[in-house]
Number of protein chains: 2
Amino acid sequence: MTAQSDAAGEVLAALADPTRRLILDTLAKHGEATGTTLANELPVTRQAIVQHLSVLDRVGLVASRKDGRERWYAVRPRQLLDTARWMNQVAAQWNARLTTIKRLAEGVDGEFPGR
Amino acid sequence: MTAQSDAAGEVLAALADPTRRLILDTLAKHGEATGTTLANELPVTRQAIVQHLSVLDRVGLVASRKDGRERWYAVRPRQLLDTARWMNQVAAQWNARLTTIKRLAEGVDGEFPGR
DNA sequence: GTCATCTGCAAGTCGATGCTTGCACAAATG
DNA sequence: CATTTGTGCAAGCATCGACTTGCAGATGAC
């Protein structure tokens, strides 16, 4: 119920890094790119980029294709959509629980602090 | 366009930690809980839990209320929903870009590797 | 064949952070 | 008032991960 190889968690961890999000952005902008291409316009080394791409590939956020001596990467939306769906489900659970609590505390008009 | 105080990134980073997700789960299950309550049923110290709750509060995933000498925490779905929406938008952008590319590469029937 | 370029592997550095222990303070109970 | 219980602050440790540098191998160009 909670753990099912935890795909969502992996994707979240991958997306948590700002550089990785930047790489994904750039990649999506170009459609396809190689490690060296990305390194040319991003403020990090090619090695760093390749390592990030390795992480992103492991969780299925990018895919790679080898052409000659070049390796081309592209973005894959599916995992992102799945994770978004997961988040919506969790949020729905929270909402359900909160409304239940509210119903139990019937009559109490005090809402929760607005942070 | 990319940076707008980056609320999504903050939430992602907060959700990336497994212990933090466990805390959120437990919290949602109970509706409300205190640091010591959570520490009683989770395999970490109260201090660790409070620190995590501090992070979660900073990004708006939980809110706290003080009653006497006890501080009660509860989950807040809004940030989660916002982040899910953000993910959907990004995924939509990726999809749009990918279909454009595909259209440009008209005639080519080769799909992308299935990882 | 020779040279330039792109990739892949490895090791090392450095900062961030998850978790702990220790203690002081505040509030409820007797 | 004394005791107990819950919270808040601080410092220390230890691990993880982001990034770099260095080099070897593979592929294309001249």
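The chains referred to below are lettered A, B, ... by the order of the sequence lines, with proteins before strands, and numbering in each begins at 1.
The residue B:Thr36 sits close only to the backbone: its heavy atoms come under 4.0 Å of sugar-phosphate atoms, none of a base.
For the OP1/OP2 pair of D:dG17 and a distance below 4.0 Å, the side-chain nitrogens and oxygens of A:His52 include no atom meeting the criterion. One finds no side-chain N or O of A:Arg69 lying less than 4.0 angstrom from the OP1 or OP2 phosphate oxygen of C:dT5. The side chain of B:Arg46 places no N or O atom within less than 4.0 Å of a non-bridging phosphate oxygen (OP1 or OP2) of D:dG8. OP1 or OP2 of D:dT7 sits under 4.0 Å from a side-chain N or O of B:Thr34.
Using a 4.0 Å cut-off between a side-chain N of Lys or Arg and a carboxylate O of Asp or Glu, B:Arg65 and B:Glu32 qualify as a salt bridge.
Between A:Ala13 and B:Gly35, the residue anchored nearer the 5' end of DNA chain D, judged by the nucleotide with its closest heavy atom, is B:Gly35. In terms of position along DNA chain D, the nucleotide closest to A:Thr45 lies nearer the 5' end than the nucleotide closest to the other residue of the pair A:Thr45 and A:Asp67.
Nucleotide C:dG8 holds its P atom 10 Å from the CG atom of A:Leu53, rounded to whole Å. Between the P atom of D:dG17 and the CZ atom of A:Arg20 lies a distance of 9 Å, rounded to the nearest Å. At whole-Å resolution of the value, OH in A:Tyr73 and P in C:dT7 are 8 Å apart. Distance A:Glu70 CD to C:dG8 C1': 15 Å, rounded to the nearest Å. For the pair B:Leu56 CG and C:dT17 P, the computed distance is 14 Å after rounding to whole Å. The nearest whole Å value for the distance from the CD1 atom in A:Ile49 to the P atom in C:dC6 is 14 Å. The CH2-P distance, from A:Trp72 to C:dG8, rounds to 13 Å in whole Å. Remark: P of D:dC9 and CZ of B:Arg71 are 9 Å apart, rounded to the nearest angstrom.
You'll find the side chain of A:Leu27 reaches within 4.5 Å of the side chain of A:Leu53, heavy atoms only. In this structure the side chain of A:Trp94 never reaches within 4.5 angstrom of the side chain of A:Thr99, judged on heavy atoms. The side-chain heavy atoms of B:Arg21 and A:Leu12, taken from C-beta on, include a pair separated by under 4.5 Å.
Distances were taken from every side-chain heavy atom of A:Val44 (C-beta onward) to each of C:dC19, D:dC19, D:dG8; the shortest belongs to D:dC19. Between D:dT20, C:dG8, C:dT20, one nucleotide has an atom nearer to the side chain of A:Gln51 than all others, and that is D:dT20.
Looking only at atom types and distance, the side chain of A:Arg71 has a donor-acceptor partner in the side chain of A:Ser64 under 3.5 Å away.
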